[in-house]
2 protein chains.
Amino acid sequence: MKTLPVLDPITDEACCTPAGQPALGAEEAKQKALVFKALADPNRLRLLSIVKAESSGESCVCDLTDPLDLGQPTVSHHLKILVDAGLLHREKRGTWAYYSLVPGALDSVAGLLATL
Amino acid sequence: MKTLPVLDPITDEACCTPAGQPALGAEEAKQKALVFKALADPNRLRLLSIVKAESSGESCVCDLTDPLDLGQPTVSHHLKILVDAGLLHREKRGTWAYYSLVPGALDSVAGLLATL
DNA sequence: TTCATACATTGATGGCGGTCAATATTCGGG
DNA sequence: CCCGAATATTGACCGCCATCAATGTATGAA
């Protein structure tokens, strides 16, 4: 198993889009599709929404299991996908795992749309 | 079969997000996920990219079959998904079908991200 | 050390989705 | 009217994915 980077940590300013015209190559398309795949599930969207709505900016798994009607392993599974996509950040403190939105990640996705 | 609306034709200005805080409901999440599902395939991203890059603003299926390495039925299938998601517009002139980007559709998707 | 809690991982299962071959449909030309 | 071209639809196959039950791992407390 490999946890691939997918979403660049944050690409400086506007600078790195080859041309924009020659249309997406097969490889770039594959990479970008990974991010949208992570967003292509209702429960994952709700997870992002809940984490984002939290005033503290972070949520532990136990707070996320109830709102959705899913088992804990399934929630952990979805969270891993969101982390691998570069959308969520995971920090373990004690027994708990706290998930928070990666700053600017959603904007980066919006950027992906603009550079199609 | 039903071709659902999914992406609103264009929601006026900033106006229609209930609150933003109470997190996504199950139903809204399902609807929004449909749009991202449409974007969650490399070949569909390439289709959007090609159509967008076309100077005329539109492409027929025959122009789209070659760049991707897919059969004609598969391309038509992907195009239908993009149309159902509200991302592409289909106009049939004679024997040909011309596909073009729905104006503002990609921006609407970016809006979906902002209102998570 | 032992136990309980919070979370992650594994394995299995059912269903959805991408692809193709074959066929249907629609349109323009002769 | 008949034929060929462009596209859409159908049916089938297969791999991937969401979900759960069971188990593993790690941390803190007694």
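Considering only side-chain N and O atoms, A/Thr95 lies nowhere under 4.0 angstrom from the phosphate OP1 or OP2 of C/dT5. For B/Thr74, no side-chain nitrogen or oxygen approaches OP1 or OP2 of C/dG18 to under 4.0 Å.
Distance A/His78 NE2 to C/dT9 C1': 15 Å, rounded to the nearest Å. If you measure from atom CG of B/Leu68 to atom P of C/dC20, you get 11 Å, rounded to the nearest angstrom. Remark: P of C/dG18 and NZ of B/Lys80 are 13 Å apart, rounded to the nearest angstrom. Atom-to-atom, CG of A/Asp66 to P of C/dC7 comes out at 11 Å; the value is rounded to the nearest Å. The interatomic distance linking A/Asp84 (CG) with D/dC17 (P) rounds to 12 Å, in whole Å. In this structure, the CD atom of B/Glu91 is 13 Å from the P atom of D/dA8, given to the nearest Å. Rounded to an integer number of Å, the gap from A/Glu58 CD to C/dC7 P is 12 Å. One interatomic measurement links the two molecules: CG of A/Leu64 to C1' of C/dA8, which rounds to 15 Å at whole-angstrom precision.
Closest to the A/Ser76 side chain, of the nucleotides C/dT19, D/dT7, C/dA8, is C/dA8. Comparing C/dG18, D/dA22, D/dA6 by their nearest atom to the side chain of A/Pro73 picks out D/dA22. Distances were taken from every side-chain heavy atom of A/His77 (C-beta onward) to each of D/dA6, D/dA18, C/dC7; the shortest belongs to D/dA18. Comparing D/dA18, C/dC7, C/dG18 by their closest approach to the side chain of A/Arg44 singles out D/dA18. Distance from the side chain of B/Arg90 is smallest for D/dA8 among the nucleotides D/dA8, D/dT9, D/dA18.
If you find the closest nucleotide of DNA chain D to A/Lys37 and to B/Lys92, the one lying nearer the 5' end belongs to B/Lys92. In terms of position on DNA chain D, the residue among A/Trp96 and A/Leu70 whose nearest nucleotide sits closer to the 5' end is A/Leu70.
Across all strands, B/Leu79 comes closer than 4.0 Å to no nucleic acid atom at all (heavy-atom distances). No engagement by B/Arg93 is indicated, since no non-hydrogen atom pair under 4.0 Å with the nucleic acid exists. Heavy atoms of B/Ile81 sit under 4.0 angstrom from primed sugar atoms or phosphate atoms, though from no base atom. Residue contacts shown for A/Tyr99 are limited to sugar-phosphate atoms, with no base heavy atom under 4.0 Å away.
The base of C/dA6 has none of its N or O atoms less than 3.5 Å from a complementary donor or acceptor on the side chain of A/Gln72.
Partners of A/Leu79 according to the side-chain contact (heavy atoms from CB on, under 4.5 Å) rule, which considers only residues two or more places apart in sequence or in another chain, are A/Leu47, A/Val61, A/Leu64, A/Val75, A/Leu88, A/Tyr99.
Under the 4.5 Å side-chain heavy-atom criterion for Ile, Leu, Val, Met, Phe, Trp and Tyr, B/Val102 and B/Ile81 are members of distinct hydrophobic clusters. Using a 4.5 Å cut-off between side-chain heavy atoms of Ile, Leu, Val, Met, Phe, Trp and Tyr, with links allowed through other members, B/Leu112 and A/Leu112 fall into the same hydrophobic cluster. Under the 4.5 Å side-chain heavy-atom criterion for grouping Ile, Leu, Val, Met, Phe, Trp and Tyr, A/Leu106 is connected to A/Leu82 within one hydrophobic cluster.
Salt-bridge check for A/Arg93 with A/Glu58: passed, with a basic side-chain N closer than 4.0 Å to an acidic carboxylate O.
Applying the 6.0 Å contact sphere to NZ of A/Lys30 captures no more than 12 heavy atoms from other residues, nucleotides or ligands.
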